Amino acid sequence: MEVRLSSPGTQLDEGDKDRIRKDLDKIARRLNEFSEVTANVRINGNGEGGQGYDIVLEVAYGRKHLMAKTNHRDVGQGVRTAREEILRQINDRSRGGHSSFTKS
């Protein structure tokens with residue numbers, strides 16, 4: 001999976017970038033049957049003053065394009081929240097149907 005990360009106005013060190021890529025590996029494992037999977041992560045804000053970071057995660061695979069938006073004080077937790085939303089959308093589009101129908 002190709003990961004593109006942009007964070008205008010937000011300073012992320014290499015450790016932060018590596019953690020974000022590692023957090024997104026769960027999506028790559030879920031979509032391992034697709035040859036081309038891209039994830040675009042946009043992080044805006046500075047986390048100060050209670051505003052938090054605005055995080056947008058877009059994933060494209062096959063003919064599908066999914067998007068999740070979140071706001072969180074911690075970049076890592078925000079990325080993980082967006083990742084879980086993307087995984088929910090993938091599961092909803094899978095053969096089994098909507099996740100709420102498959103729960104017992």
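In this text, all values refer to a predicted model and were calculated from it rather than measured experimentally.
Within a 6.0 Å radius of CD in Glu2, more than 12 heavy atoms belonging to other residues, nucleotides or ligands are found. Few gaps surround CD on Glu33; more than 12 heavy atoms of other groups in view lie less than 6.0 Å from it.
Minimum heavy-atom separation, Gly78 to His72: CA-CB, 3.7 Å. Heavy-atom minimum distance, Pro8 versus Ile43: CD-O, 3.7 Å. Minimum heavy-atom separation, Ala82 to Ala68: O-CB, 3.6 Å.
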**OP:** Would you sort out whether Asp18 and Lys22 count as a salt bridge (Lys or Arg N to Asp or Glu O under 4.0 Å), showing the intermediate values?
**Re:** CA-CA 6 Å; Asp18 288 340; Lys22 186 175 179 181; over 6 Å; no
Original post:
For Lys69 and Glu85, what are the C-alpha separation, side-chain angles and deciding distance, and is it a salt bridge (Lys or Arg N to Asp or Glu O under 4.0 Å)?
Top reply: CA-CA 9 Å; Lys69 296 179 182 182; Glu85 172 60 20; over 6 Å; no
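Distance CG/Asp23 to CD/Glu84: 9.5 Å, rounded to 0.5 Å. Atom CZ of Arg88 sits about 15.0 Å away from atom CZ of Arg83, to the nearest 0.5 Å. To the nearest 0.5 angstrom, Gln51 atom CD is 9.5 Å from Arg73 atom CZ. Remark: Leu87 CG to Arg80 CZ distance equals 13.5 Å, nearest 0.5 Å.
In this structure, Ile20 and Val75 have side chains that are in contact, with non-hydrogen atoms separated by less than 4.5 Å. Taking 4.5 Å as the limit, every side-chain heavy atom of Ile27 sits out of range of all side-chain heavy atoms of Tyr61. Arg30 places a side-chain heavy atom less than 4.5 Å from the side chain of Asn91. Looking only at side-chain heavy atoms (C-beta outward), Met1 and Leu31 stay at 4.5 Å or farther from each other.
Checking each of Thr70, Leu66, Leu24, Thr81 against Leu57 for a side chain to side chain contact (heavy atoms under 4.5 Å, CB included) leaves exactly one that passes, namely Leu24. Partner of Ser7 under the side chain to side chain contact (heavy atoms under 4.5 Å, CB included) criterion, chosen from Asn44, Ile55, Leu12: Leu12.
Between the side chain of Asp25 and the backbone N or O of Ala28, no donor-acceptor pair lies under 3.5 Å. Checking side-chain atoms of Gln89 against main-chain N and O of Met67 turns up a donor-acceptor pair under 3.5 Å. Asp54 places no side-chain N or O within 3.5 Å of a backbone atom of Gly45 that could act as its donor or acceptor partner.
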